[in-house]
Amino acid sequence: MYSNCSRISFVERKWERPLVNGKTINMGKTNQSSVTEFVLLGLSGYPELEAIYFVLVLFMYLVILLGNGVIIIVNVCDSHLHTPMYFFLSNLSFLDICYTSSSIPIFLSSFLTSRKTISFSGCGVQMFLSFAMGATECVLLSMMAFDRYVAICNPLRYPIIMSKNSYVPMAAGSWIAGGVNSLLQTSLAMRLPFCGDNVINHFTCEILAVLKLACADISINVISMVVANMIFLVVPVLFIFISYVFILFTILRIPSSEGSRKAFSTCSAHLTVVIIFYGTILFMYAKPKAKDSSGADKVQVTDKIISLFYGVVIPMLNPLIYSLRNKDVKAAVKSILCQKCFSGGK
């Protein structure tokens, strides 16, 4: 979900003319003033895959809306879930809906129509939402790790430390920090002159793909992204790691195996989400690059598939992980369904 978490690389642009819907795209140079829209290639070079991906992405998007929507509804309706952990979980679900809704509808519509373009301003909005949601999620996951640390390592002080006056500003701060960072990164990117081609070799307006189209020095953009990655990626990872080190030590000191198992179960869902989220980012960093042109084409397709997994599959898995591994959420869902069935029977 965090587009600027991917490897920053500079690739010499090739001025081929790829085909989109059987038509040649003009990738020649244009004036800056004429760049009013961008062409999103997606899987245009692989028409045999488009129908499969359309069905898969549509299905996953519906699951995302349903799963995360249910999480939000049960957290609002069930008073037993009015706790810091479930408040953060509701924010995470809302974030996943916002992030996917900023890109998937455009992605799906490109399959149904011959139009595979996005306006300059629309690209900026999509880039802003992607950055904002990505940075916010990184901070939210660290806040959730802190919540689990306090609950397990300092259970007697938990109601005081994680009071409503604490966890609400923590969540709000995550959103504000992500928004400010996104505003900065998007502003720096959209002020660049785009006097070259306007074809983005990606599903969405991914910032690195957009920066490759700029015909000006992007050193400031790269430096600001590196700093942002340190603040919103590396620092939260270290915070989460340290929190779970203390959690592990505390669990190992619990005398009964039943107590240890119960303590670990309270953070297993969050830990699973963190591993999947950052594991995908780590794979994106560690993945080797192809040296020949044919291999580079295959790597580009692989990169797009990884991006799809990162931007669609993970938001779909989050509510499934938290609901399937959480008795409170499952009980709340059953309670709401039973109430509706009972009221409907009347």
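Only this structure's heavy atoms are used, side chains among them; waters, hydrogens and symmetry mates stay out. Here the structure is a predicted model, which is why all the values come from computation and not from measurement.
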Taking transitive links into account, so neighbours of neighbours count too, which hydrophobic residues share a cluster with [X] at under 4.5 Å side-chain distance?
X    : value
V125 : F128, L129, L183
I176 : V180
I254 : none
I220 : L184, L188

Donor-acceptor under 3.5 Å (S174 side chain, T136 main chain): no
Would you say the side-chain atoms of T100 pair up with the backbone N or O of V312, donor to acceptor, closer than 3.5 Å? no
Can you list the steps and then say if N198 with V39 is a side chain to side chain contact (heavy atoms under 4.5 Å, CB included)? CA-CA 6 Å; N198 67 333; V39 178; 4.2 Å; yes
If you take all heavy atoms of [X] and [Y], which pair is closest and at what distance?
X    : Y    : answer
G259 : S256 : N-OG, 3.1 Å
Q126 : S103 : NE2-CA, 3.7 Å
T272 : S268 : OG1-O, 2.8 Å
C98  : M133 : CB-SD, 3.8 Å
F232 : A177 : CZ-O, 3.5 Å
L81  : V74  : CD1-O, 3.7 Å

Measure the shortest side-chain to side-chain distance between [X] and [Y] over non-hydrogen atoms and say whether it is less than 4.5 angstrom.
X    : Y    : result
Y99  : E137 : no
I321 : I276 : yes
Y278 : C138 : yes
M162 : M85  : no
L66  : L62  : no
I97  : L65  : yes
F88  : L92  : no
Y149 : N154 : yes

Mind checking what makes side-chain contact (heavy atoms from CB on, under 4.5 Å) contact with F120, not counting sequence neighbours? F38, M190, F194
So how far is it from [X] [atom1] to [Y] [atom2], rounded to the nearest 0.5 Å?
X    : Y    : atom1 : atom2 : value
M60  : L317 : CE    : CG    : 9.5 Å
F246 : F241 : CZ    : CZ    : 10.5 Å
L95  : L140 : CG    : CG    : 6.5 Å
L238 : S243 : CG    : OG    : 10.5 Å
I207 : T186 : CD1   : OG1   : 6.0 Å
L208 : I200 : CG    : CD1   : 11.5 Å

Sequence neighbours excluded, every pair satisfying salt bridge (Lys or Arg N to Asp or Glu O under 4.0 Å) that has a member inside residues 141-169: none
Give every residue pair that meets the salt bridge (Lys or Arg N to Asp or Glu O under 4.0 Å) criterion with at least one member in residues 248-273, sequence neighbours excluded. E258-R261
Please walk me through it: do M316 and D96 pass side chain to side chain contact (heavy atoms under 4.5 Å, CB included)? CA-CA 8 Å; M316 180 188 70; D96 285 338; over 6 Å; no
Partners passing disulfide bond (SG atoms under 2.5 Å apart) against C123 (at least two apart in sequence or in another chain): C205
For residues 64-80, the side chain to side chain donor-acceptor pair (under 3.5 Å) pairs (sequence neighbours left out) are N68-S93, N75-S90, D78-H80
Residue pairs, two or more places apart or on separate chains, that pass side chain to side chain donor-acceptor pair (under 3.5 Å) and touch residues 213-227: Q185-S224, D217-S219
Output all residues satisfying side chain to side chain donor-acceptor pair (under 3.5 Å) with Y61, sequence neighbours left out; order by chain, then residue number. S101
For Y167, enumerate each residue passing the side chain to side chain donor-acceptor pair (under 3.5 Å) test, keeping only those at least two apart in sequence or located in another chain. none
Would L248 and Y244 satisfy side chain to side chain contact (heavy atoms under 4.5 Å, CB included), going step by step from the backbone distance to the final call? CA-CA 6 Å; L248 180 61; Y244 273 101; over 6 Å; no
Test side chain to side chain contact (heavy atoms under 4.5 Å, CB included) on V274 and F277 and set out the steps. CA-CA 5 Å; V274 168; F277 182 81; 5.7 Å; no
Y158 OH: over 12 foreign heavy atoms closer than 6.0 Å: yes
